[in-house]
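Right, one structure below, let's go through it.
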Amino acid sequence: MTGAGRTVIYLAGDRWSDVPGTDRRLVTALGRSIPVLWVDPPFSALTRSRSGATEIPRAGLDSVAPGVTRLQVVALPGASRPGLRALADRSRARAIRSAVRALGIEVLATIVASPRERFPPGVSGVRVLYVTDDWAAGAGLMGLSASRIRSDLARNAGSADFAAAVSPTLAEQLAHDLRRDVVVLANGCEPTDAGAPHARTGRAVLVGQLNDRLDLELLEAVRRGGTPITAIGPRTAASPESAERLDRFLSSPGVDWRGCLPAAQLPAELATMGVGLTPYADTAFNRASFPLKTLEYLAAGLPVVSSDLPSVRWLDTDLIAVARTPAEFEQRVAEAIASPYDSRDRARRLAFAHTHSWRARAEQLTGLLDRHS
C-alpha cells in the first residue's frame with residue numbers, strides 16, 4: 001500500500017486474526033475502493049485471541065487483504081490498566097504516525113471502532129466514531145470497565161466529526177447519551193450467486209459465536225420439536241453456568257456442533273440447510289445489536305426465524321419470521337422446514353440481501369466520509 005494516497009485508518013475492536021465480525025467484513029469491502037490501514041488492538045506476548053489460541057507477537061505492517069494493510073503494535077503486559085494505559089496510547093499513536101510516513105499515505109479518515117481506543121493525536125483527516133455494539137452493556141462479557149467505556153465514548157464523541165452505530169436502537173441510545181446525531185451503519189452480508197444449486201435438508205442451522213447471548217430455551221424448544229440443529233462457530237460462553245448449559249445443549253441428541261469452519265466453506269454448508277436461526281435472549285446488549293447471522297442466512301437464500309429484535313424490525317421484511325416465545329419459535333422453524341422449496345422465494349431473499357451487502361455498507365461509509373471531508 002506504499003504511496004496509496006488517501007487512506008482510511010481503522011482502529012478495530014478485534015484483531016484481524018479473530019473470528020471475522022463487523023470490523024473485518026466492513027474493512028474488507030471498503031478496501032476494494034479505498035486503501036485501509038487496519039490497526040489491531042495492542043497486544044503482548046500474553047495476549048490470546050478470541051478463540052483462545054496463543055499468537056506470536058509480530059510488530060509492524062503486513063498486507064492482509066486487497067487494499068488492506070494491518071499494523072500490529074506490541075504493548076507491555078497489563079497495558080489496559082490505568083497506570084500503563086497512557087503509555088500504551090502514546091506508543092500506539094507513534095506507531096500509527098510512523099506507519100503513515102513509511103507508507104507515504106494521506107489520511108482521509110480515522111475510524112475508532114473499539115471500546116478500548118481513542119483517536120490518536122497528530123493524525124489528520126475526518127474523525128469517525130463507529131460503535132459496533134452496546135459496549136457499556138457488554139462490558140462484563142469483554143472483561144472491561146463500563147464506566148471507563150462510557151468515559152471514552154464521551155471523549156471520542158466530542159472529538160469525532162460524525163458518529164455511527166450498528167443498529168437503530170444503539171444509534172438512538174447514543175444520540176441521547178452523547179447529545180449528538182448518530183447515523184445507522186448496520187451490519188451487512190455477502191450474497192451468493194442467485195443461480196447456485198440449492199439442495200435443502202430438514203436441518204436448522206445456527207451460525208456465529210456460541211455464548212451467553214443465545215436464548216437456549218428457544219434452541220431447546222426446536223430440538224425437542226424434532227428438528228435437527230447444526231451449530232457452526234466457536235464456543236465462547238463467559239460464565240460457568242452458561243458454559244455448562246451450552247455444553248449440555250451442544251452434546252444433546254439431534255445437535256451437530258461443527259466448531260469453526262473456514263469462511264469460504266460456509267456458503268456451501270448453508271446451502272444444504274432448511275432454515276437459519278437467530279435465537280437471541282432479550283437483554284439490553286442484544287436489543288442494541290445487529291446480528292450478522294440474520295442477513296448471512298438470507299444471503300445464502302435461506303428462510304430465517306429470529307427472536308424479536310429491534311434490528312429485525314428495522315429490516316422491515318416478511319422474509320424473516322419473528323417469534324417471541326419458545327413454542328412460537330419452534331412452530332416457525334417447523335413451518336419453514338415443512339414449506340416446499342420455491343426458487344422465487346430464494347430469489348427474493350437474495351435480492352433483499354444485495355440491498356444490505358457489505359459493498360452497500362462500504363458505499364454508505366464512503367459517502368459519509370465525502371460529506372465530512
Side-chain angles (χ1 to χ4, degrees), residues 13-14 21-23 25-26 111-116 128-142 144 146-154 156-158 160 162-189 207-209 211-215 217-218 238 276-298 304-325 328-329 332 352-353 355-358 360-361 364-365 368:
D14 296 322
T22 300
D23 293 333
R25 296 176 195 226
L26 176 61
I111 301 175
V112 171
S114 167
R116 305 172 179 85
V128 183
L129 172 63
Y130 182 33
V131 185
T132 57
D133 262 317
D134 187 345
W135 294 329
L141 292 172
M142 296 182 287
L144 301 175
S147 61
R148 195 171 80 183
I149 288 175
R150 294 189 186 96
S151 174
D152 286 345
L153 269 175
N156 284 335
F162 73 90
V166 78
S167 76
T169 297
L170 187 56
E172 292 172 6
Q173 175 184 315
L174 290 170
H176 176 270
D177 294 344
L178 301 176
R179 300 181 183 278
R180 65 169 303 158
D181 292 336
V182 180
V183 300
V184 177
L185 180 60
N187 277 331
C189 59
V207 172
Q209 298 200 39
N211 55 26
D212 311 60
R213 299 179 67 179
L214 299 176
D215 187 334
E217 290 187 10
L218 301 180
L277 308 180
T278 305
Y280 275 26
D282 184 17
T283 66
F285 188 74
N286 285 341
R287 287 191 294 274
S289 73
F290 197 113
L292 283 162
K293 56 177 65 64
T294 303
L295 285 173
E296 288 175 341
Y297 299 143
L298 293 174
V304 182
V305 178
S306 174
S307 48
D308 188 12
L309 297 169
S311 61
V312 172
R313 294 195 292 272
W314 180 80
L315 287 170
D316 191 25
T317 176
D318 62 354
L319 298 172
I320 304 170
V322 176
R324 296 170 178 82
T325 66
E328 188 179 3
F329 197 90
R332 296 289 178 267
F352 183 83
T355 67
H356 293 278
S357 67
W358 284 115
R361 301 298 189 238
Q364 179 190 355
L365 176 57
L368 290 167

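These numbers come from a predicted model, not from an experiment.
A search for side-chain hydrogen bond (donor to acceptor under 3.5 Å, both in side chains) contacts involving Arg324 returns Asp308, not counting sequence neighbours. Annotation: side-chain hydrogen bond (donor to acceptor under 3.5 Å, both in side chains) contacts of Gln364 (sequence neighbours excluded): none. For Asp215, the side-chain hydrogen bond (donor to acceptor under 3.5 Å, both in side chains) criterion is met by no residue, not counting sequence neighbours. When the side-chain contact (heavy atoms from CB on, under 4.5 Å) test is applied to Ala146, the partners found at least two apart in sequence or on another chain are Ala139, Arg150. Ser151 is linked by a side-chain contact (heavy atoms from CB on, under 4.5 Å) to nothing, counting only residues two or more places apart in sequence or in another chain. Partners of Asn156 under the side-chain hydrogen bond (donor to acceptor under 3.5 Å, both in side chains) rule, at least two apart in sequence or in another chain, do not exist in this structure. Under the rule for a salt bridge (charged side-chain N to carboxylate O under 4.0 Å, His left out), Arg361 has no partner lying at least two apart in sequence or in another chain.
Considering every non-hydrogen atom in both Ala171 and Val182, the closest pair reads O-CB, 3.7 Å. For Glu328 against Val322, the heavy-atom pair with the smallest separation is OE2-O, 3.7 Å. Shown here for Leu185 and Ala164, the closest heavy-atom pair between the two residues is CB-CB, 4.1 Å. When every heavy atom of Val166 is checked against every heavy atom of Tyr130, the shortest pair comes out as CG2-OH, 3.9 Å. The heavy-atom pair separating Cys189 from Ala353 by the smallest distance is SG-O, 3.4 Å. Between Gly13 and Ser114, the shortest heavy-atom contact is CA-CB, 3.6 Å.
Pairs engaging residues 164-182 under the side chain to side chain donor-acceptor pair (under 3.5 Å) rule: Asp134-Gln173 [sequence neighbours left out]. The salt bridge (charged side-chain N to carboxylate O under 4.0 Å, His left out) contacts involving residues 314-323 comprise Asp318-Arg348, where partners must be two or more places apart or lie in separate chains.
In this structure, the separation between CG on Asp14 and OG1 on Thr22 is 8.5 Å, given to the nearest 0.5 Å. Distance CG/Leu319 to CG/Leu298: 6.0 Å, rounded to 0.5 Å. If you take CG on Leu214 and OG on Ser307, they are separated by 9.5 Å, rounding to the nearest 0.5 Å.
Leu309 places none of its side-chain heavy atoms less than 4.5 Å from the side chain of Trp314.
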For residues 276-293, which side-chain donor-acceptor pairs fall under 3.5 Å, sequence neighbours excluded?
from   : atom 1 : to     : atom 2 : distance (Å)
Thr278 : OG1    : Thr294 : OG1    : 3.0
Tyr280 : OH     : Lys293 : NZ     : 2.9
Asp282 : OD1    : Arg287 : NH1    : 2.6
Thr283 : OG1    : Asn286 : N      : 3.1
Thr283 : OG1    : Asn286 : ND2    : 3.4
Asn286 : OD1    : Arg213 : NE     : 2.8
Asn286 : OD1    : Arg213 : NH2    : 3.3
Asn286 : ND2    : Arg213 : O      : 3.1
Asn286 : ND2    : Ala281 : O      : 2.8
Ser289 : OG     : Arg213 : NH2    : 3.1
Ser289 : OG     : Asn286 : O      : 2.7
Lys293 : NZ     : Val207 : O      : 3.3

